[in-house]
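Chain naming here is simple, since letters A, B, ... match the order of the sequence lines and numbering starts at 1 in each. Keep in mind it's a predicted model, so treat the numbers as computed, not measured.
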There are 2 protein chains.
Amino acid sequence: MKINQKNKIMPDPILTTEKIILEAAKKVFLEKGFEGSRMQLIADEADINKALLHYYFRSKDNLFEAIFEEAFMQFLPNISQVLNSELPLVDKVNAFVEQYINMLQNNPHLPIFIMRELQREPQRIIELIKKLGLKPELIEAFFKKEKEKNQIVTIPTTHLLVNIISLCVFPFMARPIIEGIVFNNDKEAFNNFLQERKKLVADFIINAITVK
Amino acid sequence: MKINQKNKIMPDPILTTEKIILEAAKKVFLEKGFEGSRMQLIADEADINKALLHYYFRSKDNLFEAIFEEAFMQFLPNISQVLNSELPLVDKVNAFVEQYINMLQNNPHLPIFIMRELQREPQRIIELIKKLGLKPELIEAFFKKEKEKNQIVTIPTTHLLVNIISLCVFPFMARPIIEGIVFNNDKEAFNNFLQERKKLVADFIINAITVK
DNA sequence: GTCTATATTGTGATAGAC
DNA sequence: GTCTATCACAATATAGAC
């Protein structure tokens, strides 16, 4: 996404057409996925016409790619931030869960979007991730320090990490079921549910991994 | 797919055209979703031509609906089965997790498929679910007995249930990431990972909810 | 019931005026 | 840069022969 007109003086964070398009595309793609999105709808959302989309981004594919990379980076939890802190285990988990669920509350469509596109073109996206420099080694280091201190039960770090992410992310994917069926379409009730979860999930994890 | 009529003698599981179509449609829809699927591809998969699809099912929509309802029922965990057993809590959780992950291993595309379509038409599908008679009350009863026995910590049943499902389902949605990045595209390693999970997830849950 | 051929509509993309 | 008009093709759906 460097297509940006070079060094023109940009007096204000003025909404250039390109940025407007990207915002509109993000909204539409996030909600409907690549295949469910229509260039016309993005144009409407940006209040311009289709031709302009192709003028700025040659194709739907290009426009999508400009969106996806940023979205994926946002979805990846900021592991190193937790890793590098010197907080006690309990605080680390609490901080991570709260921060991650907060992010998802601000981007509720992100999880399904990412999973959907991963399913559509797994290999292409794996290449992208590798290009971005995501290293499995980082994951291995996640709870290393804690383990050495014998503060947690012996669960493989990969499983532990997957468990934590699962507990945070899944409710957003299953939202239509939870909100629609369990809470009878009461959005307020679902938001309360998410709010409660921040503490409950952290406690759940701490309980699960603490040696008794 | 009433599957195996128990012990009826099945002279030949005669493959009527309609059933062949349904099988082909299931395969394609499950993998690519409604919007990503093409009638032509389903026809190819069934080794017939497009026109026949429309002869049996008037439209793509109809064909899809014939698939979705069954898939959704399969996705819903069989809660009452666990509920009605008289096993100790530990065994209940173990049995549930193993059985549910087993089912997902046999239908790895199910989770993303369901979530994707829920996102596409939430209201329509909520209506379907209600028609099918899913009752929130069932959920409330889930761990009621255990709670009365004070065997578990006080976590709201809804959260507990969501946690359990999350831990089972999410890895299948994130499969491309886990298999592709963590396990370097080694399918065998990912399957081992799933195998381990059956016990690890059950332990994780038990640990989390057991009073110390 | 099953096929081929065709109609119809939707959608990404381009040409060309301004 | 932005627009209108249009192309080209893909995809659902139907007509009609057999």
Side-chain angles (χ1 to χ4, degrees), chain A residues 1-69 113 116-117 119-121 124, chain B residues 12-68 113 116-117 119-121 124:
Chain A
M1 211 276 269
K2 35 101 247 56
I3 309 170
N4 239 320
Q5 275 347 53
K6 22 252 97 186
N7 342 0
K8 296 282 184 59
I9 303 163
M10 287 256 149
D12 286 325
I14 290 193
L15 294 181
T16 65
T17 302
E18 187 180 336
K19 281 181 184 166
I20 292 174
I21 291 176
L22 283 171
E23 272 310 299
K26 184 174 182 179
K27 183 175 174 194
V28 174
F29 279 138
L30 262 280
E31 198 177 322
K32 298 178 180 298
F34 179 80
E35 285 159 337
S37 296
R38 299 289 164 255
M39 294 297 267
Q40 182 61 61
L41 189 58
I42 296 174
D44 292 347
E45 187 73 34
D47 210 29
I48 54 171
N49 57 67
K50 276 191 300 179
L52 258 197
L53 297 181
H54 286 93
Y55 174 80
Y56 279 93
F57 305 82
R58 229 166 41 86
S59 65
K60 184 182 179 183
D61 255 284
N62 280 349
L63 182 51
F64 179 79
E65 216 149 324
I67 299 298
F68 183 83
E69 185 166 325
F113 172 73
R116 197 199 319 230
E117 303 309 327
Q119 161 91 348
R120 192 170 64 91
E121 294 194 296
R124 175 179 171 195
Chain B
D12 276 328
I14 294 199
L15 294 180
T16 65
T17 303
E18 187 179 334
K19 281 178 186 167
I20 293 174
I21 292 176
L22 282 171
E23 272 311 299
K26 184 175 181 178
K27 184 176 171 192
V28 174
F29 278 139
L30 262 281
E31 199 179 320
K32 298 179 181 294
F34 179 80
E35 284 157 337
S37 296
R38 299 288 165 256
M39 294 297 266
Q40 182 62 61
L41 189 57
I42 296 174
D44 292 347
E45 187 73 32
D47 210 31
I48 55 171
N49 57 67
K50 278 186 299 178
L52 259 197
L53 297 182
H54 286 93
Y55 174 80
Y56 279 92
F57 305 83
R58 228 166 42 87
S59 67
K60 184 182 179 183
D61 255 284
N62 280 349
L63 181 52
F64 179 78
E65 216 148 326
I67 299 298
F68 183 83
F113 172 73
R116 199 202 313 234
E117 303 309 327
Q119 162 90 349
R120 193 170 63 91
E121 294 194 295
R124 175 181 171 193

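The distance from atom CZ of A:F34 to atom CZ of A:R116, rounded to the nearest 0.5 Å, is 12.0 Å. The CD1 atom of B:I48 sits 9.5 Å away from the CD1 atom of B:I42 when rounded to the nearest 0.5 Å.
Rounded to a whole Å, the CG atom of B:L53 is 17 Å from the C1' atom of D:dA15. B:F57 places its CZ atom 16 Å from the P atom of D:dT12, with the value rounded to the nearest Å. B:D61 places its CG atom 17 Å from the P atom of D:dA11, with the value rounded to the nearest Å. As a whole-Å value, the separation of B:R58 CZ from D:dA15 P is 12 Å. Protein atom CZ of A:F64 is 19 Å distant from nucleotide atom C1' of C:dA13, rounded to whole Å.
Closest approach of B:F57 and B:L22 over heavy atoms only: CZ-CD2, 3.7 Å. Nearest heavy-atom pair, A:L53 versus A:M39, reported as atom, atom and distance to 0.1 Å: CD1-O, 3.2 Å.
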Response to the item:
Note, DNA chain C 5' to 3' with Watson-Crick or G-U pairs under 3.5 Å encoded as ( ), [ ], | and . gives ||||||||||||||||||
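Under the side chain to side chain contact (heavy atoms under 4.5 Å, CB included) criterion, A:E31 pairs with A:H109, B:Q119, not counting sequence neighbours. Partners of A:F29 under the ring pair (Phe, Tyr, Trp, His ring centres under 6.0 Å) rule, at least two apart in sequence or in another chain, are A:F64. Residues passing the side chain to side chain donor-acceptor pair (under 3.5 Å) test with B:E121, sequence neighbours excluded: B:R124.
Within residues 34-43 of chain B, the residues that have a heavy atom under 4.0 Å from DNA chain D are, in order of number, B:S37, B:R38, B:M39.
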Listed pairs, N/O of protein and of nucleotides 1-5 of chain C, under 3.5 Å:
residue : atom : partner : partner atom : Å
C:dT2   : OP1  : B:T17   : OG1          : 3.0
C:dT2   : OP2  : B:T17   : OG1          : 3.3
C:dT2   : OP2  : B:Y56   : OH           : 2.7
C:dC3   : OP2  : B:N49   : ND2          : 2.7
C:dC3   : O5'  : B:N49   : ND2          : 2.6

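Counting non-hydrogen atoms of other residues, nucleotides and ligands closer than 6.0 Å to NZ of A:K32 gives a total of 12 or fewer.
For residues 33-53 of chain B, every residue pair satisfying the salt bridge (Lys or Arg N to Asp or Glu O under 4.0 Å) rule, not counting sequence neighbours, is listed here: B:K27-B:E45.
A donor-acceptor contact shorter than 3.5 Å is absent between the side chain of B:E18 and the backbone of B:Y56.
Using a 4.0 Å cut-off between charged side-chain N and carboxylate O, B:E117 and B:R120 make a salt bridge.
Within the 4.0 Å cut-off from OP1 or OP2 of C:dT14, not a single side-chain nitrogen or oxygen of A:H54 is found.
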